[in-house]
Protein chains: 2
Amino acid sequence: MQINIQSDGLPIYQQIANQIRYRIAARNLKPGDEVPSIRSLAESLRVNPNTVARAYRELETEGMLEKRRTKGTYVAEQDHQQSIRQRARQLEPHLDTLIMYAVQLGLSLDHVTEQLRERIEVLEKRRTKNKEDLA
Amino acid sequence: MQINIQSDGLPIYQQIANQIRYRIAARNLKPGDEVPSIRSLAESLRVNPNTVARAYRELETEGMLEKRRTKGTYVAEQDHQQSIRQRARQLEPHLDTLIMYAVQLGLSLDHVTEQLRERIEVLEKRRTKNKEDLA
DNA sequence: ATCTCTGTATTAATCCAATAGTACAGTTGC
DNA sequence: GCAACTGTACTATTGGATTAATACAGAGAT
């Protein structure tokens, strides 16, 4: 498993969790697939087993992974895959954080939704432009 | 100046900054108003001057406050008041963070805007309900 | 001049999250 | 039984962020 660790401030265990989360979302990893064992991944990243364990534990709590003791760790079968609702619930605290910031900046909430829409447009355009550049 | 400090994990200097930011946004503090001196506020909160100084420095960077050396610290005249654009720019990194989370959760960006809209509605209702309860 | 008020700078103590070191416990297959 | 693999638990180190202690520097009032 190709995981890139950078010393860019973001904790290692989160970098691992993010990258696996992303692969699952992109269906690059599918339900039932086995992910590297804690020890082997720790070894290949030259990182302590506990660090990988923490990433896996977090993903397990989210219902992304499923540990089978003495067997290994696998991408969970159901849960996150079909249930958008569950994932949406995980996004909620981040929404609240954003709203809190907006309130503190004295920005109206209508303004925030509008600004978010605009920001997404910008990012989308950038993304499609990159694809064109590659073609 | 009535500032409440709680030991709830949020750093003291941020609690101070937040509360002042909020008052300015609510026009409870107006441009030109003087805020308590670093030393006096520090004393009344039983906190180190540097802690208050840090809050003020942050607000100054944001263009909210304006220090006049040997005079005191004042709510800035222009800047934040009329320029929504400036405040919006400060919100941008938070928008990006939210978008990043959404992508990692495999949620479409349209979904995010929709969920944000819904979340805001909930909070708005809760807010108006509280007002009714008080009446 | 000196007292008293501004904000500032430097260094030290403290605390906590992240990570490592290392030993433990269960299962499987030889 | 024992080797080789799973995930886990416990303790120690470290590094960074927060806060404190304390001293500094400028301006105004008396």
Side-chain angles (χ1 to χ4, degrees), chain A residues 1 3-21 24 29 32-77 93 97, chain B residues 1 3-21 24 29 32-77 93 97:
Chain A
M1 162 113 29
I3 298 262
N4 299 314
I5 300 301
Q6 297 176 1
S7 50
D8 66 344
L10 201 63
I12 295 175
Y13 78 94
Q14 279 189 25
Q15 295 188 43
I16 296 171
N18 284 349
Q19 288 178 47
I20 293 181
R21 217 180 335 237
I24 294 177
L29 281 173
D33 285 359
E34 183 170 9
V35 294
S37 80
I38 290 182
R39 300 184 98 86
S40 67
L41 183 55
E43 203 164 330
S44 80
L45 297 180
R46 291 202 202 93
V47 138
N48 193 280
N50 283 322
T51 306
V52 177
R54 182 160 180 188
Y56 281 16
R57 196 184 329 130
E58 194 159 276
L59 292 169
E60 195 184 21
T61 308
E62 294 171 10
M64 295 284 219
L65 294 184
E66 181 184 322
K67 287 182 202 150
R68 305 183 193 152
R69 240 188 169 225
T70 80
K71 292 288 195 176
T73 305
Y74 298 80
V75 178
E77 284 296 343
T97 303
Chain B
M1 162 108 36
I3 298 262
N4 299 315
I5 300 301
Q6 297 176 1
S7 50
D8 65 343
L10 201 63
I12 296 175
Y13 78 93
Q14 280 189 24
Q15 295 188 43
I16 297 172
N18 283 349
Q19 288 178 48
I20 293 181
R21 219 181 333 238
I24 294 177
L29 282 173
D33 284 359
E34 183 172 8
V35 294
S37 80
I38 290 181
R39 299 185 98 85
S40 66
L41 183 55
E43 203 163 331
S44 80
L45 297 180
R46 292 201 201 93
V47 135
N48 193 279
N50 283 322
T51 306
V52 178
R54 182 161 180 185
Y56 282 15
R57 197 185 329 131
E58 194 160 275
L59 293 169
E60 196 184 20
T61 308
E62 294 171 10
M64 294 284 218
L65 294 183
E66 180 184 322
K67 286 182 202 151
R68 305 184 192 151
R69 240 190 170 224
T70 79
K71 291 288 194 177
T73 304
Y74 298 80
V75 177
E77 284 297 343
T97 304

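Only this structure's heavy atoms are used, side chains among them; waters, hydrogens and symmetry mates stay out. In what follows, every chain begins at residue 1, and chains take the letters A, B, ... in the order their sequences are listed.
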Task: Residue met sooner reading DNA chain C from 5', once A/L10 and B/I38 are mapped to nucleotides - done: B/I38
Open item on the list: Applying a 4.0 Å non-hydrogen cut-off, can you work out what B/Y56 is touching in the nucleic acid: base, sugar-phosphate, or nothing?
Closed with: nothing
- [ ] Return no unless some side-chain N or O of A/K67 is found under 4.0 Å from OP1 or OP2 of D/dT8.
- [x] yes
TODO: State which of D/dT19, D/dT6, C/dT19 makes the closest approach to the side chain of A/T70.
DONE: D/dT6
Open item on the list: Please confirm whether the shortest side-chain N or O distance from A/T73 to OP1 or OP2 of D/dT6 is below 4.0 Å.
Closed with: no
Open item on the list: Check this one for me: any side-chain N or O of B/R39 less than 4.0 Å away from OP1 or OP2 of C/dC5?
Closed with: no
Open item on the list: How many whole angstroms separate atom CG of B/N50 from atom C1' of C/dT6?
Closed with: 15 Å
Open item on the list: Please compare A/Q14 and A/P49 by the position of their nearest nucleotide in DNA chain C and report the one closer to 5'.
Closed with: A/Q14
Open item on the list: So, OP1 or OP2 of D/dT6: does either fall under 4.0 Å of a side-chain N or O from A/S37?
Closed with: yes
TODO: Give the rounded distance in Å between these two atoms: CD of A/Q15 and C1' of C/dA17.
DONE: 15 Å
TODO: Rounded off to whole Å, could you give me the CD1-to-C1' distance for the B/I5 and D/dT18 pair?
DONE: 13 Å
Open item on the list: Closest approach to the side chain of B/R69, judged atom by atom: which nucleotide of C/dT8, C/dA20, D/dT19 is it?
Closed with: C/dT8
Task: Flag, side chain of B/E58 to backbone of B/Q14, donor-acceptor distance under 3.5 Å - done: no
- [ ] Remember a base hit wins even if backbone is also touched, and classify B/R68 as base, sugar-phosphate or nothing at under 4.0 Å, heavy atoms.
- [x] nothing
- [ ] Could you check how far OH of A/Y13 sits from C1' of C/dC16, rounded to whole Å?
- [x] 12 Å
Open item on the list: By the 4.0 Å heavy-atom rule, please label B/S40 as base, sugar-phosphate, or nothing.
Closed with: nothing
